[in-house]
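The structure appears right after this line, and notes come after that.
What's counted below: heavy atoms across the whole structure, side chains too, no hydrogens, waters or symmetry copies. Since this is a predicted model, take the numbers as computed values, not measurements. Residue numbers start at 1 and run along the sequence shown.
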Amino acid sequence: MDDRYNREERSYDRGERERPDSGSSGAPGDFPWQDTGTAGALPDVWEEPPEGPSVGPSGGTGAQSNPSAVAGFVLSLVMWIGLVIPWLSFVLWVAALTFSSIGLSRAKRRGAPHKGLAIAGLCLSLIGVVILVIVILIIVGAAAFGG
């Protein structure tokens, strides 16, 4: 087995004056890092970290997060509240659709959490836009025919 941590010893002597022998302990010029003992030696075999997602102190996965999915879901809920103001609801719909799509793609590609929230955000925003179009048609129809 090839040990990738085993380095070839190289001579860095550039013709300088002779250095004290590292084997003589207590002699002037010896340094603590020149100790030939095995107390600070590195192990022969390096252990690789276990594979799989690391679980942090809060119980979630370590570096994986998906705030886009959560933001898309929350924006789609707020869009439903804002249906009485069509222009605000349209802006919220675009934002909800964008964030939910990003969150879903991250959940599929990287295995990030909150895939369900991203799907729910997409569904709520798509249903909401259908209702938004109906509300806009009612407002335009009332203005055109109602007088």
- Pairwise ring-ring contact (aromatic ring centres under 6.0 Å, His included) hits with a residue in residues 116-141, at least two apart: none
- Query: What are the two closest non-hydrogen atoms of Pro67 and Ser65, and how far apart are they?
  - Reply: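 Minimum heavy-atom contact is CD-C, 3.6 Å.
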- All heavy atoms of Pro113 vs all of Ala107, minimum pair found to be O-CB, 4.5 Å
- Query: Does the Ser105 side chain pair with the main chain of Ile102, one donor and one acceptor, at a distance under 3.5 Å?
  - Reply: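 Present.
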- Under 3.5 Å donor-acceptor, Asn66 side chain and Gly103 backbone: yes
Inter-residue atom distance [X].[atom1] - [Y].[atom2], 0.5 Å rounding:
X: Leu126; Y: Leu97; atom1: CG; atom2: CG; value: 5.5 Å
X: Leu122; Y: Thr98; atom1: CG; atom2: OG1; value: 10.0 Å
X: Trp93; Y: Ile127; atom1: CH2; atom2: CD1; value: 13.5 Å

- How is the hydrophobic cluster of Leu137 composed, in terms of its other members, when Ile, Leu, Val, Met, Phe, Trp and Tyr link through side-chain heavy atoms under 4.5 Å apart, directly or indirectly?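 Val133, listed by chain and number.
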- Which pairs with one or both residues in residues 132-143 pass side chain to side chain donor-acceptor pair (under 3.5 Å), sequence neighbours excluded? none
- Residue pairs passing the side chain to side chain donor-acceptor pair (under 3.5 Å) test where at least one lies in residues 106-128, sequence neighbours excluded: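 Sorted pair list: Ser68-Arg106.
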- Message: Are the side chains of Leu104 and Ser100 in contact, using a 4.5 Å heavy-atom criterion?
- Response: no
- Task: For Val91, enumerate each residue passing the side-chain contact (heavy atoms from CB on, under 4.5 Å) test, keeping only those at least two apart in sequence or located in another chain.
- Result: none
Taking distance alone, no hydrogens or angles, what donor-acceptor pairs closer than 3.5 Å link side-chain atoms of residues 70-89 to residues at least two apart or in another chain?
residue : atom : partner : partner atom : Å
Ser76   : OG   : Gly72   : O            : 3.3
Ser76   : OG   : Phe73   : O            : 2.6
Trp80   : NE1  : Leu124  : O            : 3.2

